[in-house]
Amino acid sequence: MNVSFFASRTISWYMARLFVVRSFAVLAALAVILMALDLLGESGDILAVPGNGDAQLWYYVSLRLPQIVSRFLPFSVLLGTLITLATLNQNSEIISMKAAGISAHQILAPLIVASLAIAGASFWFNDHIVARATNVLSAWQDVDYGPVPQNRGIVSNVWVRSAEDLIHAGQVTGRGATTTLHDVRLYDRDGDRLGAIASAPVATYRDGAWQMRDARIFDVGRGRVTNRSVLTIGRGVEPDRFTLATVNPDGLSFRALAEAVGDLHAAGRPTVALDTVLWHKISGALSVVLMPLLAGVAGFGLARSGVLFVRAVIGMALGFTYFVADNFALAMGNIGAYPPLLAAWAPFLLFLLIGEAVLIRTEE
């Protein structure tokens, strides 16, 4: 029996070419259909804005299409593997390979190596194109497809807790020691009781605390209003707790997200959800490697036995079950129920073992 990793160069190139061509053909078909349906649903909102026309529709397509391609690439690889192996089995090519002493793992080896290359390309695509498109599209959708204001590093509607008190800033500008809070309100609490509400147009950071200028203080218990030229609040509250209040992990590259997580961690902010997304950027790209293994059950067994369709359904069910488990683990990681590493990698490792066990049980 041939014990090398690949059966032969000719067979390996033949299998890899069939797999890649069919996978990307499925991806192209899905992308066109889903993009058309998505555009039908959003075109009304885009064209409702005065001045928007065909150019804005095509601009939306350029931003939305990378998201669709990234999301449905693993589905396409799953379906491409099923089509490739089912066709080879139907034409008795799998039987010929096995009769020549080629094992099931050697048959799948070219597909797995090709899927590794696709996973690497997927990670680069997500990191350099999808993240930027998501960031721009989110900003455009926030203004209902109208003109997007220039990003000047302004953060809006920020809430920060200082001991039992709450600080709300309508806008935050600058970074570090130059951070300035605009439209500031302090909710002075004593346990469950609200003692006073202080408001000021501006607050600046100085000597480890925040100074509200021209503050207006409303005493809730007495129902009395007083004014102070300077009111010191939030001692020990670092500026990063305001400037890093909103992080869109889908709109950041892997490196940018890792830096944001580090800054938040240094500022004492919770980062469990962001850590989960950070690790999932790697495990999500590698999910395409599982598809040949999970769909491999469709390529083996006698086509004339009448169970080829059943095997294809089993392979598809295994693939879709992985996607369900992956999304569930990701949701549990985002709410802190699972540790980030477990949420990102447990479904991948679990279905890697399941796919290998099914392949060994049925064919090896």
Distance check, rounded to the nearest 0.5 Å: [X] atom [atom1] versus [Y] atom [atom2]?
{"X": "Asp214", "Y": "Asn227", "atom1": "CG", "atom2": "CG", "answer": "8.5 Å"}
{"X": "Tyr322", "Y": "Leu352", "atom1": "OH", "atom2": "CG", "answer": "10.0 Å"}
{"X": "Gln67", "Y": "Leu137", "atom1": "CD", "atom2": "CG", "answer": "5.5 Å"}
{"X": "Met35", "Y": "Leu40", "atom1": "CE", "atom2": "CG", "answer": "9.5 Å"}
{"X": "Phe254", "Y": "Asp127", "atom1": "CZ", "atom2": "CG", "answer": "8.0 Å"}
{"X": "Leu353", "Y": "Phe348", "atom1": "CG", "atom2": "CZ", "answer": "10.0 Å"}

Between His128 and Ser253: side-chain donor-acceptor atoms closer than 3.5 Å: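 There is no such pair between these side chains.
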
Short side-chain donor-acceptor distance under 3.5 Å, Tyr14 and Glu93: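 There is such a pair (donor and acceptor under 3.5 Å, judged by atom type) between the side chains of Glu93 and Tyr14.
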
I'd like to know if the side chain of [X] and the backbone of [Y] have a donor-acceptor N/O pair within less than 3.5 Å.
{"X": "Ser70", "Y": "Pro66", "answer": "no"}
{"X": "Ser162", "Y": "Asp165", "answer": "no"}
{"X": "Asp144", "Y": "Gly146", "answer": "no"}
{"X": "Ser122", "Y": "Ile118", "answer": "no"}
{"X": "Ser12", "Y": "Arg9", "answer": "no"}
{"X": "Ser138", "Y": "Asn135", "answer": "no"}
{"X": "Asn52", "Y": "Ile46", "answer": "yes"}

Side-chain touch [X]/[Y], heavy atoms, less than 4.5 angstrom:
{"X": "Phe125", "Y": "Leu73", "value": "no"}
{"X": "Leu257", "Y": "Leu274", "value": "yes"}
{"X": "Asp45", "Y": "Tyr60", "value": "no"}

Sequence neighbours excluded - salt bridge (charged side-chain N to carboxylate O under 4.0 Å, His left out) pairs with any residue from residues 24-41: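 Checked against salt bridge (charged side-chain N to carboxylate O under 4.0 Å, His left out) - neighbours excluded - the pairs reaching residues 24-41 are Asp38-Arg64.
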
Residue pairs involving residues 10-21 (criterion salt bridge (charged side-chain N to carboxylate O under 4.0 Å, His left out); sequence neighbours excluded):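 Listed once each, the pairs would be none.
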
Test side chain to side chain contact (heavy atoms under 4.5 Å, CB included) applied to Leu57 and Glu42, step by step: CA-CA 9 Å; Leu57 291 178; Glu42 296 293 328; over 6 Å; no

Candidate pair Thr276 and Tyr338, rule side chain to side chain contact (heavy atoms under 4.5 Å, CB included), full reasoning: CA-CA 9 Å; Thr276 301; Tyr338 289 176; over 6 Å; no

Phe75-Phe323 aromatic ring centre distance below 6.0 Å: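 Centroid distance Phe75-Phe323: below 6.0 Å, so yes.
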
Parallel, tilted or perpendicular: rings of Tyr145 and Trp140 (30°, 60°):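 Perpendicular, since the angle between the ring planes exceeds 60°.
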
Aromatic ring pairing Tyr205/Trp210, orientation class (parallel under 30°, perpendicular over 60°, tilted between):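 The arrangement is tilted - the two ring planes meet at 30° to 60°.
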
Inter- and intrachain pairs under ring-ring contact (aromatic ring centres under 6.0 Å, His included), touching residues 77-98, at least two apart: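 Listed once each, the pairs would be none.
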
Take atom [atom1] of [X] as the centre, draw a 6.0 Å sphere, and report whether it contains more than 12 heavy atoms from other residues, nucleotides or ligands.
{"X": "Asp207", "atom1": "CG", "value": "no"}
{"X": "Arg213", "atom1": "CZ", "value": "yes"}
{"X": "Arg189", "atom1": "CZ", "value": "yes"}

Candidate pair Tyr59 and Val136, rule side chain to side chain contact (heavy atoms under 4.5 Å, CB included), full reasoning: CA-CA 11 Å; Tyr59 181 60; Val136 174; 3.1 Å; yes

Qualifying residue for side chain to side chain donor-acceptor pair (under 3.5 Å) with His280, from Asp275, Asp326, Asn334: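 For His280, the side chain to side chain donor-acceptor pair (under 3.5 Å) test succeeds with only one of Asp275, Asp326, Asn334, which is Asp326.
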
